[in-house]
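Below: the structure, in C-alpha cells.
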Amino acid sequence: MIAEKLIEIKNTLPKEVTLVAVSKTKPNEAILEAYQAGQRIFGENKVQEVCEKQESLAKDIKWHLIGHLQTNKVKFIAPFVSLIHAVDSMKLLIEINKEAVKNNRIIDCLLQFYIAEEETKFGLSLEEATTILKDEIFLNLKNINIVGVMGMASFTDNKDQIKTEFRTLKNYFEILKSNHFKFNAEFKEISMGMSGDYQLAIEEGSTMVRVGSSIFGGR
Ligand SMILES: *Cc1c(COP(=O)(O)O)cnc(C)c1O
C-alpha cells in the first residue's frame, strides 16, 4: 500500500522536483516499505525520533529535519542530517555551524519563512533574513551551506490564498538569489507543498515537496 502510494505520487511529480517522504510518527516497517520502493529521502520533525530511526535503518537514507529545531538539540543530528529545513534564527545558524565544525561537515540548511496568514511562532520575514545574510557573523560561518528557502502555507481550503502564499515564498527566493546568492548555484531549493497542497506548490515553483499522510496514511 505504501509502495503503491509512493510510486503513484512520484509519477505525478516533475522529475526535477524532489520528494521528501515525511515519515514522522510512522514505524520503521513503514519506512522500509517506502525504501524498498526506491525512496531514499525521509523527513522527520522530532530530533529523538530521527536519531532512533537513523540508528536502526539503512545508512544510505538521507534524513531531513523538517520541524522546528531547538539549539540544544542540534548536536544530536549534526553527525548525519542531510538537510535542515526550518532554520529561522542567527542563534540556530551559529549552533549548527559549531556542531558541523565538530563533525567536520558542512551542513545544508534552508531558511524558513513566515508566509501564512495564521499565527505561528516560526519563520523569518524577508527583512529578518536580509539582516542575517548581511551580518559579518553569518558570513564567517564556513560550515553552513544555505541551499534555499522553506515555508508552510495556511491550513485552509482557499486555493487562491495558498497559491498567493506560495508565490510569496517563490518571490522571496528570487530576491535572496539575486541579492545574496547570485553566484552560488547551490542556492536553488524552494521547499513548499505537503499532502494537501503539493500540486499547487509545484505550479508555483516548488523544487521540493514534503509529503507524509498521502504516502503513509493519517497520523
Ligand atoms: C508533517 C509535516 C509535513 C507533511 O504533512 P502531510 O500533510 O502529512 O503531508 C510537511 N512539512 C512539515 C513541516 C511537517 O511538519
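Residues take their numbers from the sequence shown, with the count starting at 1. One-based numbering, in listed order, for ligands and for the atoms of each. As a basis for the values below, the full set of heavy atoms in this structure was taken, side chains included, without hydrogen atoms, waters or symmetry mates.
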(request) Specify the protein heavy atom at minimum distance from atom 9 (O) of ligand 1: its residue, its atom name, and the distance to 0.1 Å. (result) S195 OG, 2.5 Å
(message) How far is atom 5 (O) of ligand 1 from the closest protein heavy atom, and which atom is that?
(response) M194 CE, 3.5 Å
(request) Using a 4.0 Å heavy-atom threshold (strictly under), name the region of M152 that reaches ligand 1: side chain, backbone, both or neither. (result) side chain
(message) How far is atom 12 (C) of ligand 1 from the closest protein heavy atom, and which atom is that?
(response) I66 CD1, 3.5 Å
(request) Look only at the side chain of K75 and the backbone of N72, and say whether a donor-acceptor pair between them is shorter than 3.5 Å. (result) yes
(request) Please confirm whether the backbone N or O of L19 pairs with a side-chain atom of Q39, one donor and one acceptor, at under 3.5 Å? (result) yes
(request) Verify whether one side chain among E203 and Q199 offers a donor that lies under 3.5 Å from an acceptor in the other. (result) no
(request) Output the list of atoms in ligand 1 that are nearer than 4.0 Å to some heavy atom of V211, sorted by atom number. (result) 9 (O)
(message) What I want to know is whether G212 and ligand 1 share at least one N or O pair that is separated by under 3.5 angstrom.
(response) yes
(message) Among all protein heavy atoms in this structure, tell me which lies nearest to atom 15 (O) of ligand 1, with the distance rounded to 0.1 Å.
(response) K24 NZ, 2.7 Å
Per-pair distances, 0.1 Å, donor-acceptor, side chain in residues 7-17, under 3.5 Å, sequence neighbours excluded:
from : atom 1 : to : atom 2 : distance (Å)
N11  : ND2    : I7 : O      : 3.3
T12  : OG1    : I9 : O      : 2.8

(request) Tell me which one of M150, H68, R210 gets a heavy atom nearest to atom 4 (C) of ligand 1. (result) R210
(request) Can you sort out the partners of F166 under ring-ring contact (aromatic ring centres under 6.0 Å, His included), two or more places apart, ordered by chain and number? (result) none
(message) What I want to check is whether the side chains of S82 and D108 have a donor and an acceptor closer together than 3.5 Å.
(response) no
(request) Evaluate the criterion side chain to side chain contact (heavy atoms under 4.5 Å, CB included) for residue pair I96 and I84; output intermediate values, then yes/no. (result) CA-CA 9 Å; I96 295 168; I84 300 175; 3.8 Å; yes
(request) Report yes or no: does a heavy atom of H85 sit under 4.0 Å from some atom of ligand 1? (result) no
